[in-house]
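One structure is given here, and the rest of the page talks about it.
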Amino acid sequence: MTAFQRRFDQAVWKIVSGIQRGRVMSYGQIARAAGFPRHARSVSKAMGRSAMPLPWYRVIRSDRTLAFDPGSKAYRKQRGLLEKEGVRFVGGKVVPLDSDRGKSLDESLWGPR
DNA sequence: CCCTTGACTATCT
DNA sequence: GAGATAGCCAAGG
């Protein structure tokens, strides 16, 4: 384990574990919230190193698509878990909630109900 | 060192 | 809005 990983992992786990049911966050958003802007690509690795289970399936791309290859096992798993929490999909993308109308762009994309 | 690899992104066609 | 492109940066070979 490098020093970077120790700090980065801790910060990422904290953010990811805080994502609530029915909500999603992007890799880049998590990296920023964790205090490591520009490290979106490292977020998945940090989650993989976690000993405790994390709601990894609530993490998606900034364009609202899932990071796995559509049709893959992982894709179906993630999508199933999200839909079970009420997250809706249209055209392979996570649908923003209606009740978010009127909020800032960021909130409308990722904010709570 | 140099080169490749990512569960990524912002930007431009 | 979908596809291509360039930028990103730690890790590992």
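Throughout, a chain's letter reflects where its sequence line sits, starting with A, and its residues are numbered from 1.
Residue A:K93 contributes atom NZ, which lies 12 Å from atom C1' of C:dG3 at whole-angstrom precision. Rounded to a whole Å, the CE atom of A:M47 is 16 Å from the P atom of B:dG6. Remark: P of B:dA7 and CE of A:M25 are 21 Å apart, rounded to the nearest angstrom. Taking atom CZ of residue A:R58 and atom C1' of nucleotide B:dA7, one finds them 17 Å apart after rounding to whole Å. C:dA11 atom C1' lies 19 Å from atom CZ of A:R38, rounded to whole Å. Atom pair A:I30:CD1 and C:dC9:C1' shows a separation of 18 Å (rounding to whole Å applied). For the pair A:Y27 OH and C:dC9 C1', the interatomic distance rounds to 17 Å; values are reported in whole Å. Spacing between atom CG of A:D63 and atom P of C:dA4 amounts to 15 Å, rounded to whole angstrom units.
Distances shown here put every side-chain N or O of A:Q5 at or beyond 4.0 Å from the OP1 or OP2 atom of C:dA10. Regarding contacts with the backbone of C:dA11, a side-chain N or O of A:T2 is found under 4.0 angstrom from either OP1 or OP2. Note on A:R41: every side-chain N or O is 4.0 Å or more away from OP1 and OP2 of C:dC8. Note on A:S26: a side-chain N or O is less than 4.0 Å away from OP1 or OP2 of B:dT9. For the OP1/OP2 pair of B:dT9 and a distance below 4.0 Å, the side-chain nitrogens and oxygens of A:S62 include at least one atom meeting the criterion.
Side chain of A:R64 to backbone of A:V94: a donor-acceptor contact under 3.5 angstrom is found. In this structure, the side chain of A:E85 does not engage the main chain of A:R21 through any donor-acceptor pair within 3.5 Å.
A cation-pi geometry, defined here as NZ or CZ lying under 6.0 Å from the six-membered ring centre and within 45° of its normal, holds between A:R79 and A:F89.
When side chains are defined from C-beta on, A:K73 does not count as touching A:K77, because their heavy atoms never get closer than 4.5 Å.
Counting non-hydrogen atoms under 4.0 angstrom, A:F4 reaches the backbone sugars and phosphates but no base. Across all strands shown, A:Q78 has no heavy atoms under 4.0 Å from either base or sugar-phosphate atoms.
Across C:dA2, B:dC8, C:dC9, the shortest atom-to-atom separation from the side chain of A:H39 is found for C:dC9.
A:L82 and A:R58 get closest at one heavy-atom pair: CD2-CA, 4.1 Å.
Taking atom P in both C:dG7 and B:dA7, the straight-line distance is 22 Å, to the nearest Å.
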